[in-house]
Amino acid sequence: MARYQIHVCDGPSCGVTHGSEALVERLAAAIAEDSDLRGRVGVRCYTCFGRCDDGPNLFVQTLAEGEDGDDEPEPEVLETQRGFYPGMDEAKVLQVLRQHCGRGRVVEALVDEY
């Protein structure tokens with residue numbers, strides 16, 4: 001079963017202006033409550049995606065076997081994996097968590113090119 005790391009922007013705009021810290025807390029709680037996601041999905045803060053006007057932003061990274069999810073993804077990962085989600089709120093992050101991480105299906109209505 002696939003493993004994922006959710007990187008949530010905590011840059012000045014996403015973190016302070018858009019309140020992304022609350023999204024990290026909500027995701028962490030939802031993951032902890034779900035036995036299927038626990039151990040397969042992690043969440044961490046990300047420095048900045050550079051899409052400040054679109055925030056808060058997150059990126060769902062599909063991890064390779066043995067890959068450490070605590071490292072920030074390389075730029076080519078951001079450009080090649082379909083998992084950049086701008087304009088997130090609590091309802092949207094839970095939808096991304098359930099569908100993208102839980103079922104392995106990108107949420108087409110919410111995803112954008114990085």
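Here the structure is a predicted model, which means the values were calculated and not measured.
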What closest approach, in Å, do [X] and [Y] show between heavy atoms, and which atom pair accounts for it?
| X | Y | value |
| --- | --- | --- |
| Ser13 | Cys52 | OG-O, 3.4 Å |
| Gly104 | Tyr4 | CA-OH, 3.4 Å |
| Cys48 | Cys9 | CA-SG, 3.6 Å |
| Gln61 | Pro73 | OE1-CB, 3.7 Å |
| Cys14 | Gly55 | SG-CA, 3.6 Å |

Exercise. Going through the distances and angles, do His7 and Glu72 end up as a side chain to side chain donor-acceptor pair (under 3.5 Å)?
Worked result: CA-CA 8 Å; His7 302 274; Glu72 289 196 351; over 6 Å; no

Problem set entry | Separation between CZ of Arg26 and CG of Asp89, rounded to the nearest 0.5 Å |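 CG of Asp89 is found 12.0 Å from CZ of Arg26.
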
Exercise. To the nearest 0.5 Å, how far apart are CG in Asp10 and CG in Asn57?
Worked result: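 Taking CG in Asp10 and CG in Asn57, the distance rounds to 11.5 Å.
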
Starting from [Y], can I reach [X] by hopping between I/L/V/M/F/W/Y residues whose side chains sit under 4.5 Å apart?
| X | Y | result |
| --- | --- | --- |
| Leu23 | Phe49 | no |
| Val111 | Leu58 | yes |
| Phe84 | Leu27 | no |
| Val8 | Val107 | yes |
| Leu37 | Val43 | yes |

Problem set entry | Residues which pass salt bridge (charged side-chain N to carboxylate O under 4.0 Å, His left out) with Asp54, listed by chain and number, not counting sequence neighbours |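 Only Arg51 meet the salt bridge (charged side-chain N to carboxylate O under 4.0 Å, His left out) criterion with Asp54.
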
Can you list, pair by pair, the side-chain donor-acceptor contacts under 3.5 Å of residues 92-103, counting residues two or more places apart and other chains?
residue : atom : partner : partner atom : Å
Lys92   : NZ   : Gly87   : O            : 3.1
Gln99   : NE2  : Val106  : O            : 3.4
His100  : ND1  : Tyr85   : OH           : 2.7

For this session: Could you check if a side-chain atom of Ile31 sits within less than 4.5 angstrom of a side-chain atom of Arg40, using non-hydrogen atoms only?
Result: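 Side chain of Ile31 against side chain of Arg40, heavy atoms only: no contact under 4.5 Å found.
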
Exercise. Do Cys45 and Val24 have side-chain heavy atoms sitting under 4.5 Å apart?
Worked result: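 A side-chain contact exists here, since the closest heavy-atom pair is under 4.5 Å.
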
Exercise. So does Arg82 pair up with Glu108, basic N to acidic O under 4.0 Å?
Worked result: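 Result for this pair is yes, salt bridge flagged.
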
Exercise. Taking 4.0 angstrom as the limit, do Arg38 and Asp34 come out as a salt bridge?
Worked result: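 Between Asp34 and Arg38 there is no salt bridge, as every charged N stays at least 4.0 Å from the carboxylate O atoms.
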
For this session: Could you tell me whether Phe59 and Tyr114 have their ring centroids closer than 6.0 angstrom?
Result: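 They do not qualify: ring centres at least 6.0 Å apart.
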
Problem set entry | Within 6.0 angstrom of Asp53 CG, more than 12 heavy atoms from elsewhere |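 Count not over threshold, so no.
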
Exercise. Can Glu67 and Gln5 be said to form a side chain to side chain donor-acceptor pair (under 3.5 Å), step by step?
Worked result: CA-CA 10 Å; Glu67 186 174 8; Gln5 184 71 20; over 6 Å; no

Exercise. Is Arg44 reaching over with its side chain to a backbone N or O of Ile6, donor-acceptor style, under 3.5 angstrom?
Worked result: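 A pair under 3.5 Å: no.
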
Exercise. Is a side-chain N or O of Gln81 found less than 3.5 angstrom from the main chain of Thr62, in a donor-acceptor match?
Worked result: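 Checked: pair present.
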
